[in-house]
Each structure stands twice: as C-alpha cells, then as structure tokens.
Amino acid sequence: EDGKLEIDGAMNANFGRKFEEHWIDNFNMEEVKEKDEKTDEYIPTNTAAPMSFIVAKTINGKTSMRLLRALFDSGGSATMIHEHCLPKGCKPTLLTNPITSNTIAGNFVSKTCVNLRDITLPEFDRNKKIDEQGAFVVCGDCNYDVILGRDFLMNAGIDIRFADNKIKWMNLTIDMKNVGNKNVVHTGQAEDDDDNFAATILDAKYDGATPEEVANQQKHLTPAQREDVRKLVAKY
C-alpha cells in the first residue's frame, strides 16, 4: 500500500492530478461514422473530349459522304458505328459471334460489322484520306455517331494529347471539344434518312451555299451544334 502511494505521488508530481476517467470512456464511434459519411460530394469538372468529325465515301459499298460526329477512344480496342448512320440500302455483314465492346461512351453489343472506305477527317484536312476501316455496328443510346478505337487510332497515327487538350494527326492539330449537357447528341431513330446528326453537308445540293446557310439547314441540331457545323464548313 505504501508503495502504491509513493507511485501515485510520483505520477501526480510529474504529470499533475489524476483524472477520474480516461478519454476513451467518452469515445463515441457513431459520431465518428456520422462525420465520415458527411464528406463532400464529388462533382467532376466539365473537361474537353477528344472528338471530331469523319466522312466515309462508302460504307459496305453504299455511298455515304455524311458528316459523322466521332469520339477518339484510346481505351477501346475496336471501332464502332451507330446503325442509324448507315446509308440507305447498306447491308451489314453478320458476325459469327456477337461482340461486346466496353468504351468510355458505354457498353455495346454488336452482331454485325461494316467496312468504311475513303475516310477523311475534314477538321484536319479534307483532302487526306485513310483507305479503309472496319467497324462494329451498334444500336441504342450513344452520344456519338462513330467511336474510333485503338485499331483506327494506331493505323492512322493519331495522337491524343490531354496535356494540352489537342488531337494531332500527321503535322495537323485540332482542339478537343467541351461537351456539356446542351451539346450532347443522342443518336436515335430518325423519321427519315436526313433526320439524324449525320447530316449530308458535303452533298452537291450545298454547292455555292454559305457556311451559315448550310448550318441553318440542319434543323435537327441544337444552336451550338449548328455553330460547330458552320465553323467546319467555313474552313473549306
């Protein structure tokens, strides 16, 4: 007993008065959990997307010559095209087995494929051509007409540079695009062959028309999308 008093005395002398209870006695785990659950919600910023436009002279042997909104997807191995962008009379090739593709624009199942020939990237250069590119045909909601996978990007030598938000092809460079909700295009069933985003703006019926006139004829597009078309046509 005397030894205990001596120890208590020494502890009090060095560390002050003893407490009746320890801090752990008042520890409330539920309060800690509640604080953890009140973390700030993550809201991603609206970043630029690696997208542009492509035009294929033919798709599975049928004349296309339509301006298609394309996403450059370095995370996907294969190229895909939406079924509503196929020209009239185009008969896709049936695949032996359905293919499931995972892309940054979503997951898609393809049962058919097509071959695009004489491809141009008009935002870069309207005269330079890529001979051909195979593509799986997809359906359902998609924000783009075409998703260009690594097969296309490597074959064409396209460099996607997120460091400065640029896309480079050969010695030509374009800016990535900001795609807010108002600029998203959901490719869906069209009333007729002219009522989807893959509008014919390189057709002969536009010869002699101003960029503004061409853009204004794309009634199915939003004002922001028509402005994109106007800028593109103005370059040529």
Side-chain angles (χ1 to χ4, degrees), residues 48-82 85-87 103-105 114-135 143-179 183 185 187 196-218 221 224-236:
M51 58 164 293
S52 184
F53 303 94
I54 74 166
V55 177
K57 184 176 182 180
T58 63
I59 299 178
N60 256 28
K62 293 295 182 179
T63 301
S64 175
M65 292 301 291
R66 290 179 170 276
L67 189 72
L68 304 176
R69 173 172 284 199
L71 173 70
F72 297 89
D73 181 14
S74 59
S77 60
T79 291
M80 288 168 283
I81 183 170
H82 199 278
C85 299
L86 302 181
T103 76
I104 59 178
V114 292
N115 190 52
L116 289 70
R117 295 191 62 87
D118 293 330
I119 301 166
T120 57
L121 304 174
E123 257 197 307
F124 290 93
D125 190 314
R126 190 171 176 177
N127 297 311
K128 289 183 169 60
K129 296 185 185 300
I130 297 166
D131 291 338
E132 62 180 325
Q133 174 64 48
N143 296 343
Y144 302 92
D145 299 319
V146 179
I147 298 175
L148 301 171
R150 290 194 303 272
D151 53 349
F152 178 87
L153 301 178
M154 294 177 67
N155 179 52
I158 292 176
D159 183 17
I160 302 173
R161 304 188 328 212
F162 283 100
D164 57 359
N165 286 341
K166 303 285 186 182
I167 308 171
K168 184 178 180 181
W169 182 42
M170 299 183 182
N171 61 334
L172 306 166
T173 303
I174 65 170
D175 293 325
M176 293 187 188
K177 311 284 190 303
N178 286 314
V179 284
N183 293 328
V185 177
T187 305
N196 57 49
F197 183 72
T200 306
I201 71 166
L202 301 181
D203 194 278
K205 66 182 179 181
Y206 291 119
D207 284 350
T210 67
E212 289 75 15
E213 291 171 338
V214 173
N216 289 335
Q217 290 186 46
Q218 316 309 315
L221 303 183
Q225 292 157 6
R226 287 198 292 269
E227 176 62 13
D228 286 342
V229 172
R230 186 196 66 77
K231 289 179 180 179
L232 180 60
V233 176
K235 294 174 65 176
Y236 305 105

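Although no hydrogens or angles enter the test, the distance criterion places a donor-acceptor pair under 3.5 Å between the side chain of R150 and the main chain of S74. A donor-acceptor pair under 3.5 Å is formed between the side chain of D145 and the backbone N or O of R69.
The two residues N155 and Q133 come nearest to each other via the heavy atoms ND2-OE1, 4.5 Å. The shortest non-hydrogen separation linking G134 to D151 is O-OD2, 4.3 Å. In this structure, T120 and R126 approach most closely via the heavy-atom pair CG2-O, 3.6 Å.
Partners of K62 under the salt bridge (Lys or Arg N to Asp or Glu O under 4.0 Å) rule, at least two apart in sequence or in another chain, do not exist in this structure. Annotation: salt bridge (Lys or Arg N to Asp or Glu O under 4.0 Å) contacts of D118 (sequence neighbours excluded): none.
The side-chain heavy atoms of I167 and T173, taken from C-beta on, include no pair separated by under 4.5 Å. A heavy-atom distance below 4.5 Å is found between the side chains of F152 and I158. Inter-residue side-chain proximity for D125 and M170 is flagged as unmet; no heavy-atom pair is nearer than 4.5 Å. A 4.5 Å side-chain heavy-atom check between I147 and F72 finds every atom pair outside the cut-off.
Within the structure, the salt bridge (Lys or Arg N to Asp or Glu O under 4.0 Å) test picks out the following pairs touching residues 153-174 (sequence neighbours left out): R161-D164, K166-D175.
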Determine all donor-acceptor pairs shorter than 3.5 Å in which one atom belongs to a side chain in residues 50-61; sequence neighbours excluded.
unit_1 : atom_1 : unit_2 : atom_2 : d
S52    : OG     : E123   : OE1    : 2.5
N60    : OD1    : N115   : N      : 2.8
N60    : ND2    : K91    : O      : 2.9

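Annotation: the span from L148 atom CG to L153 atom CG amounts to 6.5 Å, rounded to 0.5 Å. To the nearest 0.5 Å, atom CG of residue L68 and atom OH of residue Y144 are 14.0 Å apart. Taking CD1 of I174 as the reference point, atom CH2 of W169 lies at 10.5 Å (rounded to 0.5 Å). Considering NZ of K129 and CD1 of I119, their distance stands at 10.5 Å, rounded to 0.5 Å. Atom CG of N178 and atom CG of N165 lie 8.0 Å apart (nearest 0.5 Å). Rounding to the nearest 0.5 Å places CD1 of I130 at 10.5 Å from CG of L116.
No more than 12 heavy atoms of other residues, nucleotides or ligands sit less than 6.0 Å from atom CE of M154.
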